[in-house]
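In what follows, a structure is listed as structure tokens, so that the remarks can point back to it.
For the numbers below, each heavy atom of this structure counts, side chains included, while hydrogens, waters and symmetry mates do not.
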Amino acid sequence: EDHDAISADTVVLSNLGLLAMGNAWCKIGESPWEYTARVGGLDHVKVLTCLRSYALKAHSFCGVAMLNPRALQQVQAYSESVSELFKLMIRGEEKEFTARIMSAKQSLFDSRPKGKTLLPAGLLEEFLPCERDEDWPTEIARRPSSHLDILAAVDAWHRSGISPFRNLVCETPVFRLRLGMAEYLFCHPELLQKSIQAALYNHATRLLDFEFVLSVKEWATIIAHGDVDAYTQHFLDCKEFFRQHISKASAESARLIERLAAWRERSITEVSMGLT
């Protein structure tokens, strides 16, 4: 039962958020690199891992999502967090929205020991978009994102009583990146505050956030119904939209994961030798 719960988080939910992001971009008809609200380092890493998921086969995720007895419960919890946070966003309920985010932060991150983090310093800057137009104004290139997918993941972990760091015992590269990005966002107060403000007041990101909410609900409904054919078709439709970007993004995401793995090995060696 513990293994089912952990794999539901590390495999099913990690990829659900990524597939829903891809679906949202597909619905607005723009590739992530053309959508100027999505050009920062954190967002670019999400883009790479998203397209890495779509480079695989639908059955890579479908079987686990449909057959894991704990998957549906966690999928529904994530869908509820996405929906509830978005409702607070569109109503502009800053006090309640912020309190909910900060409660999750306190529960999952404030008690973490200081020091090594899951993402090495400089990694996000290293993987900035290589196709970004150099003539774009800095204020556009650095436009804050709501990071609704990450905020909802942390909220769902908190409300479901899940310890994501404990789940690292059965980690996948994508899960480690997902948790690392959440840790990065929530442990940088200025970045988190910008994300909260963007979620509430930056309407430039609202369309994509809206489509993301709908996409999460669609994937959750398909999984709840156990509809393998709908899951596969939904996946293939979006994969076709990204067809011209998948090969390059897959190569870049592979380099990202290799970089992360090398850093992790070095950290383990340093700890074992008493260097940290």
What heavy-atom pair brings [X] and [Y] nearest, and what distance separates the two atoms?
X      : Y      : value
Arg52  : Ser253 : CB-OG, 3.5 Å
Gly17  : Phe212 : O-CE1, 3.7 Å
Met66  : Ile223 : SD-O, 3.9 Å
Pro164 : Leu108 : CD-CD2, 3.9 Å
Ser215 : Ala20  : CB-O, 3.5 Å
Ala8   : Ala71  : CB-CA, 3.8 Å

When you compare the side chain of [Y] with that of [X], does any pair of heavy atoms fall below 4.5 Å?
X      : Y      : result
Glu211 : Trp25  : no
Ile6   : Arg70  : no
Trp157 : Leu179 : yes
Leu13  : Arg178 : yes
Leu185 : Val154 : no
Leu168 : Thr10  : no
Leu200 : Glu93  : no
Asn23  : Leu214 : no

Is it true that atom CZ of Arg166 has more than 12 heavy atoms of other residues, nucleotides or ligands lying nearer than 6.0 Å? no
How about CD on Gln197, more than 12 heavy atoms from neighbouring residues, nucleotides or ligands closer than 6.0 Å, or not? yes
Pair Arg159, Glu80 - check side-chain contact (heavy atoms from CB on, under 4.5 Å), show working. CA-CA 10 Å; Arg159 292 168 69 84; Glu80 287 172 7; over 6 Å; no
Could you tell me whether a side-chain N or O of [X] sits under 3.5 Å from a main-chain N or O of [Y], the two making a donor and an acceptor?
X      : Y      : answer
Ser60  : Lys57  : yes
Gln76  : Ala220 : no
Asp155 : Leu151 : no
Thr221 : Lys217 : yes
His188 : Tyr184 : yes
Gln74  : Ala5   : yes
Ser195 : Ser146 : yes
Ser107 : Ser103 : no

What's the separation between atom [atom1] in [X] and atom [atom2] in [Y], rounded to the nearest 0.5 Å?
X      : Y      : atom1 : atom2 : value
Asp149 : Leu85  : CG    : CG    : 11.5 Å
Arg91  : Met89  : CZ    : CE    : 12.0 Å
Leu256 : His44  : CG    : NE2   : 9.0 Å
Ser53  : Leu16  : OG    : CG    : 10.5 Å
Thr98  : Lys105 : OG1   : NZ    : 12.5 Å
Glu94  : Leu88  : CD    : CG    : 11.5 Å

Report yes or no: do [X] and [Y] form a side-chain donor-acceptor pair below 3.5 Å?
X      : Y      : answer
Ser14  : Asp9   : no
Gln233 : Asp237 : yes
His147 : Lys46  : yes

My understanding is that only residues two or more places apart in sequence, or in another chain, count here; which of them pass side-chain contact (heavy atoms from CB on, under 4.5 Å) with Ile246?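 For Ile246, the residues satisfying side-chain contact (heavy atoms from CB on, under 4.5 Å) (neighbours in sequence not counted) are Tyr54, Ala55, Lys239, Phe242, Ser250.
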Lys194: what forms a side-chain contact (heavy atoms from CB on, under 4.5 Å) with it, not counting sequence neighbours? Pro144, Glu190
Before you tell me yes or no, could you show the steps for Lys27 and Glu218 under salt bridge (Lys or Arg N to Asp or Glu O under 4.0 Å), namely the whole-Å CA-CA distance, both residues' side-chain angles and the distance that decides it to 0.1 Å? CA-CA 12 Å; Lys27 286 180 178 179; Glu218 287 175 359; 2.7 Å; yes
Please determine which of Leu48, Val45, Ile257 meets the side-chain contact (heavy atoms from CB on, under 4.5 Å) test together with Glu252. Leu48
Audit row: Arg243, Glu240, salt bridge (Lys or Arg N to Asp or Glu O under 4.0 Å) steps and yes/no: CA-CA 5 Å; Arg243 180 168 48 85; Glu240 175 61 23; 3.0 Å; yes
Hey, would you say the Tyr231 and Trp219 ring centroids sit under 6.0 Å apart?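 That pair passes the under 6.0 Å test.
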Considering only NZ, NE, NH1 and NH2 on the basic side and carboxylate oxygens on the acidic side, decide whether Lys87 and Glu84 come within less than 4.0 Å. no
Would you call the rings of Phe210 and Phe86 parallel, tilted or perpendicular if under 30° counts as parallel and over 60° as perpendicular?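 Tilted: the ring planes of Phe210 and Phe86 meet at 30° to 60°.
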